[in-house]
> 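Take a look at the following structure, please.
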Amino acid sequence: MCTGLSHTTKDHYFGRNLDLEYPYNEKVAITPRNFPFEFRRLPSLPTHHAIIGMATTADGFPLYYDGTNDAGLSMAGLNFPGNADYKPEAPGKANVAPFEFIPWVLGQFDTVDQVETALTEVNLVDIAFSAEFPQSPLHWIISDRHGSLTVESVAAGLRVYDNPYGVLTNNPTFDIQSFGLNDYMHLSTTPSENRFSERLEFDTYSRGMGAIGLPGDLSSSSRFAKAVFTKMNSVSGTSESESLSQFFHILGSVAQQRGCVQVGGDDSYEITIYSSCCNTDTGVYYYTTYENSQITGVDMHSADLDSDTIVDYPLVTGQQIAMQN
Ligand SMILES: C[C@H](CCC(=O)NCCS(=O)(=O)O)[C@H]1CC[C@H]2[C@@H]3CC[C@@H]4C[C@H](O)CC[C@]4(C)[C@H]3C[C@H](O)[C@]12C
C-alpha cells in the first residue's frame, strides 16, 4: 500500500509513501533531457523534459515509481491489485505500456490540463517490462500546483477523475474512495459539542475529540480518509523548512510501522520503505527512509540536464544521529 500527496504552501510539493515488505533497489534517478526514451508501441522521445524521482533502472530504462519534471508536473504509481486491467493494443490510440506511463507523461507535458487532454487518446496496453519485472497493477496520481488527476485502467476502460484532495492510496476504485468520505463529514478539528442528546451531559475531556471516528488503521480506505482529513486541515508556514516538515508529517499520519501489517509469511511485514517530497518549483527531491529519519535531498539542477545519461543516487538508509554532547 502506498499514499501519494500533492500540497501547496508557497511552492508546490509532491511525494508519496512507498509501503512494501521489501525494497526493489530503488534510487533517486535524474533523467536528463537528451536521454533517448524508447517506447514499445510509440515513437521515441529523443528530447523531452528532465525528470527526477524514485526509480529502479533496468536495462538502461528508468522504471519510475514517482517523479517530477522540470516544468513542475508530477506523477506517482500506486498499487491497485484486482482492479487494474490493461488492454490489448488498440489501433489509432497512444498505446502506452504501464511502465512507460510516467516517462511518457512527464517527458512531454507541463500541466495537468495538457495531460487530461492527451489521456483521451491513451490506451494502457498490457505489455510487461520483462520477465524479471512483470506487470504491476497500478493506478496513478498526476499533479501540478493547480490540481490533480487520478488515472485508472479498469475492466470498463480508462477512467480519469479530477482529484480535488491531492491524495491517492490504493483500492478500491477512486469513485468509491471518494464516496467513502461522506461517512466522515461530521469530523471536525474543533472541540466536539453535544449533539447526542439534550437530556444528557458530556465532558469534553480531551483535545482532538472532534475527529473521533477518523480511522487509524492502515487499510487503504482508512489511510485515504486519514490523509485527506490531515491534508485538507493542514496549516503550514511557507518557508522550505516549514513546508517540508508539514509534508512529511502529513505522510507520517499514514505511515506503516513494522509489525502492524503482516503480509505473506509469519515474519514479513509491510513498512514505509521511503517517504518522498519533491519541491516541484525548485526540482529538489527530498526523502526519508524507514531507518533514516533525516531528510536527504537531491537537486535536479545540480545535474547536467542537457546530457543523455541517467544519474542515480543510492538511498542513504541508516540513521544519521546528531549527537549533542
Ligand atoms: C509495489 C509498489 C507499490 C507498493 C504497494 O502498494 N505495495 C502494497 C502491496 S499490497 O497491495 O498491499 O499487497 C509499486 C509502486 C511502483 C511500482 C514499480 C513501478 C515501475 C515498474 C513497473 C513494472 O511494471 C514492474 C516493476 C516496477 C519497478 C514497479 C514495481 C512495483 O510494482 C512498484 C514499486
Side-chain angles (χ1 to χ4, degrees), residues 1-5 14-29 31 37 39-41 51-68 74-87 95-107 124-142 150-153 167-174 177 217-224 227 251 254-265 268-276 287 289-290 310 312 315:
M1 296 177 262
C2 303
T3 305
L5 177 66
F14 180 90
R16 63 105 53 81
N17 285 342
L18 184 98
D19 304 332
L20 203 60
E21 58 280 21
Y22 45 82
Y24 262 91
N25 192 28
E26 55 275 354
K27 296 178 180 160
V28 178
T31 303
F37 274 131
F39 299 123
R40 302 289 169 95
R41 293 289 182 274
I51 301 170
I52 187 165
M54 198 65 80
T56 300
T57 301
D59 302 330
F61 192 91
L63 294 165
Y64 276 106
Y65 310 2
D66 54 83
T68 293
S74 304
M75 181 164 175
L78 290 87
N79 222 37
F80 195 43
N83 280 308
D85 187 66
Y86 306 127
K87 307 297 177 190
N95 289 287
V96 185
F99 66 86
E100 300 170 337
F101 199 24
I102 291 181
W104 188 79
V105 168
L106 296 185
L124 283 176
V125 61
D126 190 5
I127 299 175
F129 182 74
S130 64
E132 197 195 341
F133 295 99
Q135 202 62 278
S136 288
L138 300 175
H139 62 169
W140 293 266
I141 177 170
I142 303 175
T150 299
V151 183
E152 300 186 334
S153 185
V167 172
L168 187 66
T169 62
N170 310 97
N171 283 340
T173 54
F174 190 69
Q177 288 278 33
D217 71 277
L218 295 169
S219 67
S220 59
S221 49
S222 294
R223 281 182 290 108
F224 186 69
L251 286 181
V254 287
Q256 316 233 4
Q257 299 79 22
R258 182 179 287 119
C260 293
V261 177
Q262 199 170 333
V263 289
S268 189
Y269 300 99
E270 192 162 280
I271 60 169
T272 297
I273 291 192
Y274 72 83
S275 300
S276 66
Y287 68 88
T289 70
Y290 193 75
I310 293 173
D312 57 21
L315 302 190

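Atoms within each ligand, like the ligands themselves, are counted from 1 in listed order.
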> Atoms of ligand 1 less than 4.0 Å from Asp19 heavy atoms?
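Within the 4.0 Å cut-off of Asp19, ligand 1 contributes 4 (C), 5 (C), 7 (N), 8 (C).
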
> At a 4.0 Å threshold, what atoms of ligand 1 neighbour a non-hydrogen atom of Glu270?
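Counting from 1, the qualifying ligand atoms are 8 (C), 9 (C), 12 (O).
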
> Looking at Pro134, which atoms of ligand 1 are within less than 4.0 Å of one of its heavy atoms?
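It comes down to these atoms of ligand 1: 23 (C), 24 (O), 25 (C).
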
> Which atom names give the shortest non-hydrogen contact between Ile51 and Leu106, and what distance separates them?
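That closest heavy-atom pairing would be CD1-CB, 3.7 Å.
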
> Would you mind running through ligand 1 and noting each atom that sits below 4.0 Å from a heavy atom of Pro81?
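It comes down to these atoms of ligand 1: 11 (O).
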
> I need the atoms of ligand 1 closer than 4.0 Å to a non-hydrogen atom of Tyr64, numbered in the order shown.
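Those qualifying, in numeric order: 19 (C), 20 (C).
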
> Check for me whether Phe129 has a heavy atom closer than 4.0 Å to any atom of ligand 1.
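Flag not set, Phe129 not near ligand 1.
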
> Could you tell me whether the side chains of Thr3 and Arg223 share a donor-acceptor contact shorter than 3.5 Å?
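Yes, Arg223 and Thr3 have a side-chain donor paired with an acceptor closer than 3.5 Å.
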
> Where on Ala128 is there a heavy atom closer than 4.0 Å to ligand 1, on the side chain, on the backbone, on both, or on neither?
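Ala128 to ligand 1: no contact under 4.0 Å from either part.
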
> Answer yes if the side chains of Glu152 and Thr173 hold a donor-acceptor pair under 3.5 Å, and no otherwise.
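Thr173 and Glu152 do not have a side-chain donor-acceptor pair below 3.5 Å.
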
> Which of the numbered atoms in ligand 1 are below 4.0 angstrom from a heavy atom of Asn170?
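Here the atoms of ligand 1 in question are 6 (O).
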
> Taking atom types as modelled, is there a side-chain donor on Asp19 or Thr272 under 3.5 Å from an acceptor on the other?
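Present: a donor and an acceptor within the cut-off.
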
> What are the atoms of ligand 1, with element, lying closer than 4.0 Å to any heavy atom of Gly77?
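The list of qualifying atoms is 15 (C), 16 (C).
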
> Can you tell me how the ring of His139 sits relative to the ring of Phe80, calling it parallel under 30°, perpendicular over 60° and tilted otherwise?
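Rings of His139 and Phe80: parallel, under 30°.
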
> Applying side chain to side chain donor-acceptor pair (under 3.5 Å), can you list everything that pairs with Asp126, at least two apart in sequence or on another chain?
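Applying side chain to side chain donor-acceptor pair (under 3.5 Å) to Asp126 gives Gln135.
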
> Say whether, by atom type as modelled, one donor and one acceptor occur between the side chain of Tyr64 and the main chain of Ala29 under 3.5 angstrom.
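Looks like yes, one N/O pair under 3.5 Å.
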
> Answer yes or no: does an N/O atom from Asn79 fall short of 3.5 Å to an N/O atom of ligand 1?
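For ligand 1, there is an N or O atom that lies under 3.5 Å from one belonging to Asn79.
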
> Under a 4.0 angstrom heavy-atom cut-off, which atoms of ligand 1 come close to Cys2?
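Reading through ligand 1 atom by atom, the close ones are 3 (C), 4 (C), 5 (C), 6 (O).
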
> Listed by chain and number, what are the side chain to side chain donor-acceptor pair (under 3.5 Å) partners of Ser276, not counting sequence neighbours?
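For Ser276, the residues satisfying side chain to side chain donor-acceptor pair (under 3.5 Å) (neighbours in sequence not counted) are Tyr285.
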
